[in-house]
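Read through the structure below, which is laid out as structure tokens, and then see the notes.
Since we're looking at a predicted model, the values are computed, not measured.
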Amino acid sequence: ICQHREMRLLGIFSLFCAASACSEQPKREAWAVVISIAEHANPKWNPNELVVTARSQDGAIGSKPVLRARLNCRIGETVHGYARGMSLTLDDGACVS
């Protein structure tokens with residue numbers, strides 16, 4: 001009986017941990033450094049786009065497609081965005097002229 005109770009408590013604890021880990025983390029303002037500007041993963045379908053990837057100081061990473069003709073940043077420049085957990089969303093105007 002005692003072992004069954006421990007297993008049940010462990011199951012409830014595991015469920016609680018899984019539920020809390022999936023809860024949405026708060027959005028925070030972030031500045032990030034452009035670490036890559038590369039061809040789109042499928043240039044056949046998006047030949048006019050480049051993908052800009054940036055990383056914040058705390059390690060959040062994000063990317064966004066930018067039209068080649070409107071690209072206005074270089075690797076090493078700082079851009080603005082918002083981080084949630086380890087995910088970074090770059091501002092609409094980041095790297096765009």
Side-chain angles (χ1 to χ4, degrees):
I1 296 173
C2 187
Q3 188 178 17
H4 177 65
R5 186 180 299 162
E6 287 177 11
M7 293 296 286
R8 188 170 156 204
L9 288 174
L10 181 59
I12 292 170
F13 179 72
S14 297
L15 181 62
F16 175 76
C17 289
S20 65
C22 293
S23 64
E24 194 169 301
Q25 297 180 5
K27 184 167 122 175
R28 63 191 185 281
E29 186 174 12
W31 289 95
V33 175
V34 175
I35 58 171
S36 171
I37 299 173
E39 295 290 328
H40 199 281
N42 192 349
K44 178 180 176 182
W45 299 109
N46 299 298
N48 297 323
E49 283 185 348
L50 296 170
V51 178
V52 175
T53 304
R55 180 176 46 223
S56 68
Q57 188 174 13
D58 63 356
I61 295 179
S63 13
K64 71 177 258 182
V66 176
L67 288 174
R68 188 181 302 268
R70 298 200 58 206
L71 181 69
N72 189 26
C73 66
R74 296 180 184 187
I75 293 174
E77 289 187 21
T78 303
V79 293
H80 187 260
Y82 292 91
R84 180 169 281 155
M86 295 307 292
S87 177
L88 177 69
T89 302
L90 301 177
D91 280 352
D92 290 340
C95 290
V96 178
S97 61

Should Y82 and L90 count as side-chain neighbours, where that means a heavy-atom distance under 4.5 Å? no

Does any N or O in the side chain of K64 come within less than 3.5 Å of the main-chain N or O of C95, such that one atom is a donor and the other an acceptor? no

Under 3.5 Å, is there a donor-acceptor pair between the side chain of Q25 and the main chain of R84? no

Side chain to side chain donor-acceptor pair (under 3.5 Å) partners of residues 28-39, not counting sequence neighbours, each pair once: R28-D58, E29-H80, E39-R68

Knowing that exactly one of V52, V51, N46 qualifies, which makes a side-chain contact (heavy atoms from CB on, under 4.5 Å) with E49? N46

Which pair of heavy atoms, one from D92 and one from V96, lies closest together, and at what distance? O-CG2, 3.7 Å

Where do P47 and K44 come nearest, in terms of heavy atoms and distance? CD-O, 3.9 Å

Restricting to non-hydrogen atoms, name the atom on L88 and the atom on A54 that form the minimum distance, rounded to 0.1 Å. CD2-O, 3.6 Å

Taking every non-hydrogen atom, the tightest pair across T53 and S63: OG1-CB, 3.4 Å

I need the minimum non-hydrogen distance between S56 and A32, along with the two atoms involved. N-CB, 3.7 Å

Heavy-atom check, side chain of L71 versus side chain of V66, under 4.5 Å: yes

Flag, side chain of S97 to backbone of R70, donor-acceptor distance under 3.5 Å: yes

How long is the straight-line distance from CD1 of I35 back to CD1 of I61, given to the nearest 0.5 Å? 5.0 Å

Heavy-atom closest contact (G81 atom, D91 atom, distance): CA-OD1, 3.7 Å

Hey, what do you get for CD1 (I37) to CD1 (I75), rounding to the nearest 0.5 Å? 5.5 Å

